[in-house]
Amino acid sequence: FAMRIKLPDNYRIAPHFHGADEHVTVLQGTFVVGMGEKFDEKAAKDLTAGSFAMMPSGMRHFAFTKGETLLQVHAIGPWTLTYVNPADDPRNKTTAARPH
């Protein structure tokens, strides 16, 4: 599969891993990627438009953006995303009901 992801400036993705190899192409902006189980901006590297990265299955990594960033991700499914710290998983967060 392939998907495009548009992320706002200063968007942070907590340390996580996938059950399949992840291939990322930066189409616009700067995607800053680091490896490891802890978010450490100093250990991360800038990937600018035109850059490509591949994270092997199970590799712990994190990321953030500089400027609005457009990515293309492709992999072979099924796709999983597991956060190193389950509390960082936005799917586990509850949101307050909004008035209509």
Side-chain angles (χ1 to χ4, degrees):
F1 68 87
M3 63 180 159
R4 289 202 175 172
I5 304 168
K6 189 175 191 179
L7 302 169
D9 184 28
N10 296 315
Y11 189 82
R12 295 170 64 93
I13 303 169
H16 65 281
F17 59 95
H18 306 284
D21 294 350
E22 177 183 27
H23 303 85
V24 178
T25 304
V26 182
L27 301 176
Q28 170 189 315
T30 301
F31 194 54
V32 187
V33 179
M35 303 305 155
E37 294 194 353
K38 296 192 183 220
F39 199 103
D40 180 3
E41 287 187 23
K42 294 177 189 157
K45 299 198 180 205
D46 288 4
L47 299 177
T48 57
S51 297
F52 172 82
M54 194 281 284
M55 278 69 74
S57 173
M59 177 177 275
R60 275 61 173 165
H61 58 283
F62 58 90
F64 61 98
T65 61
K66 291 180 182 175
E68 185 176 82
T69 301
L70 180 62
L71 306 175
Q72 182 162 297
V73 176
H74 70 274
I76 296 174
W79 186 248
T80 60
L81 187 153
T82 304
Y83 286 88
V84 172
N85 179 355
D88 290 334
D89 189 337
R91 297 168 292 190
N92 294 335
K93 305 212 188 295
T94 58
T95 57
R98 293 188 205 176
H100 289 69

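Tested against F62 for a ring pair (Phe, Tyr, Trp, His ring centres under 6.0 Å), the candidates Y83, F17, F39 yield a single pass: F39.
Linking ILVMFWY residues whenever their side-chain heavy atoms come closer than 4.5 Å, directly or via other members, places L7 and W79 in the same cluster. There is a path of hydrophobic side-chain contacts, each under 4.5 Å, that joins M3 to V33.
Looking at heavy atoms from C-beta onward, L71 lies in side-chain contact with V26 at the 4.5 angstrom threshold. No side-chain heavy atom of E68 sits less than 4.5 Å from a side-chain heavy atom of D9. Using a 4.5 Å cut-off on side-chain heavy atoms (C-beta onward), M55 and V24 make contact. For the pair H61/H16, a side-chain contact is recorded, criterion being any heavy-atom separation below 4.5 Å from C-beta on. Within the 4.5 Å cutoff, the side chain of T65 has heavy atoms near those of the F31 side chain. Residues D89 and P86 form no side-chain contact, since every pair of their non-hydrogen atoms from C-beta on lies 4.5 Å or further apart. No side-chain heavy atom of K38 sits under 4.5 Å from any side-chain heavy atom of R60.
One distance of note links NE2 of H18 with OG1 of T80; it measures 8.0 Å at 0.5 Å rounding. Between E41 atom CD and R12 atom CZ the span is 5.0 Å, to the nearest 0.5 Å. Taking CD1 from I13 and CG from L81, the interatomic distance works out to 8.5 Å, rounded to the nearest 0.5 Å.
Shown here are the side chain to side chain contact (heavy atoms under 4.5 Å, CB included) partners of A43, two or more places apart in sequence or in another chain: D40. Applying the side chain to side chain contact (heavy atoms under 4.5 Å, CB included) criterion to A49, with sequence neighbours excluded, gives no partner residue. Applying the salt bridge (Lys or Arg N to Asp or Glu O under 4.0 Å) test to D46 and every residue at least two apart in sequence or in another chain returns K66.
Considering every non-hydrogen atom in both T69 and G67, the closest pair reads OG1-O, 2.9 Å. Scanning all heavy atoms of the two residues, the minimum distance from A75 to D21 falls at CB-O, 3.2 Å. In terms of heavy-atom proximity, A20 sits nearest to P78 at CB-O, 4.5 Å.
Side-chain atoms of S57 come within 3.5 Å of backbone atoms of G19 as a donor-acceptor pair (strictly under, hydrogens ignored).
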